[in-house]
There are 2 protein chains.
Amino acid sequence: MTDDAELKKAGLKVTLPRLRILELLESSDTTHLSAEDIYKRLINVGEDVGLATVYRVLTQFEQAGICIRHNFEEGHGVYELTPTDHHDHMVCVETGDIIEFKCDEIEDYQIKVAKEKGYEIVDHSMVLYVKPLKK
Amino acid sequence: MTDDAELKKAGLKVTLPRLRILELLESSDTTHLSAEDIYKRLINVGEDVGLATVYRVLTQFEQAGICIRHNFEEGHGVYELTPTDHHDHMVCVETGDIIEFKCDEIEDYQIKVAKEKGYEIVDHSMVLYVKPLKK
DNA sequence: CTAATTGCAAAAGCTTTGCAGCGCA
DNA sequence: TGCGCTGCAAAGCTTTTGCAATTAG
């Protein structure tokens with residue numbers, strides 16, 4: 001789907017700020033951007049955009065399911081395109097490597113545990129902090 | 001260990017605000033409090049404390065390992081005493097309720113998944129975002 | 001005594017909102 | 001043309017910091 005169509009599908013008019021922000025999110029070297037990051041990058045390439053617009057657009061994208069906002073421990077939110085395939089992350093505390101993984105059994109147990117408490121799962125976040133096995 | 005000893009061990013002078021905040025964190029019906037929560041409770045019982053002090057003390061407690069700060073998706077941090085027994089959290093997206101849970105099976109699979117990738121687990125964080133089951 | 005601690009107020013970040021003008025459909 | 005969208009500035013929130021007065025050890 002084109003960016004154009006993606007915006008229309010979300011009920012959003014196709015405007016320059018929205019297209020630029022969507023392109024930034026889609027570019028491979030720019031995952032996990034903050035609103036400020038996006039704002040600065042747009043300013044740097046000469047786009048006349050306001051920080052408030054960036055926040056508004058990101059919020060709209062999030063509500064439309066186009067992107068996801070993460071609240072890590074950095075004091076500000078970061079955004080990434082909604083992954084097509086769900087996965088969780090391992091972070092190596094020694095090398096900083098990030099390993100994506102998926103475990104159906106864990107997902108099943110999460111659903112089971114939630115149900116036991118009287119809830120159903122809307123979303124989840126799981127990060128494993130790991131170090132390499134000794135050889 | 002007494003609260004008094006706990007503070008001294010952390011290299012902190014035993015002051016009224018610190019004792020009161022530590023007591024609040026220890027009371028069973030008050031887990032996962034925000035700085036604002038703690039401040040209001042202290043004011044309500046007549047303690048003459050400043051919000052800035054609450055933030056400072058909580059930060060000191062966290063650095064001393066006395067408590068942990070969680071950044072769920074609420075727009076503010078919440079604190080709990082450092083758990084002696086590991087557990088994870090569910091956050092209800094409708095009510096904001098925080099439910100603690102523990103699932104050995106999930107922990108086992110986490111270890112297994114990490115090992116498959118050539119790692120061992122140092123720590124992890126897992127938060128399930130949930131909503132109540134329809135009755 | 002004296003360095004740590006505190007309350008207050010001001011400031012600092014991040015994010016949202018009010019508003020008048022601009023622009024997509 | 002009309003309503004949505006935008007930039008700007010101001011406001012809102014949570015959290016931090018400067019400072020003079022207070023207090024624990």
Side-chain angles (χ1 to χ4, degrees), chain A residues 2-22 24 32-64 66-79, chain B residues 2-24 32-64 66-79 96:
Chain A
T2 65
D3 292 354
D4 220 83
E6 181 127 28
L7 292 176
K8 282 177 182 161
K9 183 182 158 199
L12 299 170
K13 284 188 178 177
V14 179
T15 64
L16 213 52
R18 285 181 182 147
L19 281 174
R20 290 289 169 273
I21 293 171
L22 186 49
L24 262 188
H32 296 112
L33 293 168
S34 68
E36 190 80 27
D37 290 335
I38 292 173
Y39 173 68
K40 283 180 185 164
R41 291 188 187 217
L42 291 179
I43 293 298
N44 282 342
V45 296
E47 294 291 336
D48 180 26
V49 71
L51 181 55
T53 299
V54 175
Y55 275 106
R56 273 186 293 234
V57 168
L58 287 172
T59 302
Q60 291 159 344
F61 282 6
E62 195 187 3
Q63 287 169 347
I66 295 173
C67 72
I68 291 180
R69 174 185 169 136
H70 296 282
N71 287 310
F72 298 144
E73 320 247 327
E74 304 159 294
H76 60 257
V78 292
Y79 296 82
Chain B
T2 64
D3 291 354
D4 219 83
E6 181 128 27
L7 292 177
K8 281 177 182 159
K9 182 183 160 202
L12 299 171
K13 286 188 176 178
V14 179
T15 65
L16 213 52
R18 286 181 181 147
L19 282 174
R20 290 288 169 275
I21 292 172
L22 188 48
E23 286 166 10
L24 262 189
H32 303 109
L33 293 166
S34 69
E36 188 80 28
D37 289 336
I38 292 173
Y39 172 69
K40 283 181 185 163
R41 290 187 188 219
L42 291 179
I43 292 297
N44 282 343
V45 297
E47 294 291 337
D48 181 25
V49 72
L51 181 55
T53 298
V54 174
Y55 274 105
R56 274 186 292 233
V57 169
L58 287 173
T59 302
Q60 292 159 342
F61 281 7
E62 195 188 2
Q63 288 170 347
I66 295 174
C67 71
I68 290 179
R69 174 184 171 138
H70 295 283
N71 288 311
F72 299 141
E73 319 246 328
E74 305 158 295
H76 60 258
V78 293
Y79 296 82

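Residue numbers begin at 1 in each chain, while the letters A, B, ... track the order of the sequences.
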(request) Identify which nucleotide among dG7(C), dA25(C), dT6(D) has an atom closest to any side-chain atom of P17(A), counting heavy atoms from C-beta outward. (result) dT6(D)
(request) Could you check how far CD1 of I38(B) sits from P of dG7(C), rounded to whole Å? (result) 14 Å
(request) Step by step, work out the side chain to side chain contact (heavy atoms under 4.5 Å, CB included) result for E23(B) and D3(B). (result) CA-CA 8 Å; E23(B) 286 166 10; D3(B) 291 354; 3.6 Å; yes
(message) Any salt bridge linking R20(A) with E47(A)? Criterion: basic side-chain nitrogen under 4.0 Å from a carboxylate oxygen.
(response) yes
(request) Output the distance between atom NE2 (H32(B)) and atom CZ (F72(B)), rounded to the nearest 0.5 Å. (result) 5.5 Å
(request) For dA4(C), take OP1 and OP2 only and decide whether either is under 4.0 Å from a side-chain N or O of R18(B). (result) no
(request) Can you tell me the distance, in whole Å, between the CG atom of D37(A) and the P atom of dG13(C)? (result) 16 Å
(request) Mind calculating the distance between CG (L19(B)) and C1' (dT23(D)) to the nearest angstrom? (result) 14 Å
(request) Looking only at side-chain atoms of A52(B), point me to the closest of dC5(D), dT5(C), dC8(C). (result) dC8(C)
(message) Using whole Å, what does the distance between atom P of nucleotide dG4(D) and atom CG of L7(A) come to?
(response) 17 Å
(request) Please state whether the phosphate of dT15(D), meaning OP1 or OP2, lies under 4.0 angstrom from any side-chain nitrogen or oxygen of Y55(B). (result) yes
(message) Need one value for R56(B): base, sugar-phosphate or nothing, where a base atom within 4.0 Å counts as base even if backbone is also close, heavy atoms only.
(response) base
(request) Look at D4(B) together with K8(B) and state whether they make a salt bridge at an N to O cut-off of under 4.0 Å. (result) yes
(message) With nearest nucleotide decided by heavy atoms, which residue, T53(B) or L16(A), maps closer to the 5′ end of DNA chain D?
(response) L16(A)
(message) Can you identify which nucleotide, out of dT14(D), dT16(C), dG4(D), has its nearest atom closest to the T59(A) side chain?
(response) dT16(C)
(message) Rounded to whole Å, please give me the gap between CD in E36(A) and P in dT16(C).
(response) 13 Å
(message) Measure OH/Y39(A) against C1'/dT16(C) and give the value in whole Å, please.
(response) 16 Å
(message) Rounded to the nearest 0.5 Å, what separates atom CG in L58(A) from atom CD1 in I38(A)?
(response) 4.5 Å
(request) Return the 5'-most residue of the pair L12(B), S34(A) with respect to DNA chain C, ranking by each residue's nearest nucleotide. (result) L12(B)
(request) Calculate the interatomic distance between L58(A) atom CG and dC14(C) atom P; express it in whole Å. (result) 15 Å
(message) Check this one for me: any side-chain N or O of R69(A) less than 4.0 Å away from OP1 or OP2 of dT15(C)?
(response) yes
(request) Figure out the NZ/P separation between K40(A) and dG13(C), and round it to whole Å. (result) 11 Å
(request) Looking only at side-chain atoms of K13(A), point me to the closest of dG7(C), dG2(D), dT15(C). (result) dG2(D)
(message) Within the 4.0 Å heavy-atom criterion, would you say T15(B) contacts the bases, only the backbone, or no part of the nucleic acid?
(response) sugar-phosphate
(request) Between L51(B) and K8(B), just flag the one whose closest nucleotide in DNA chain D comes earlier from the 5' side. (result) L51(B)
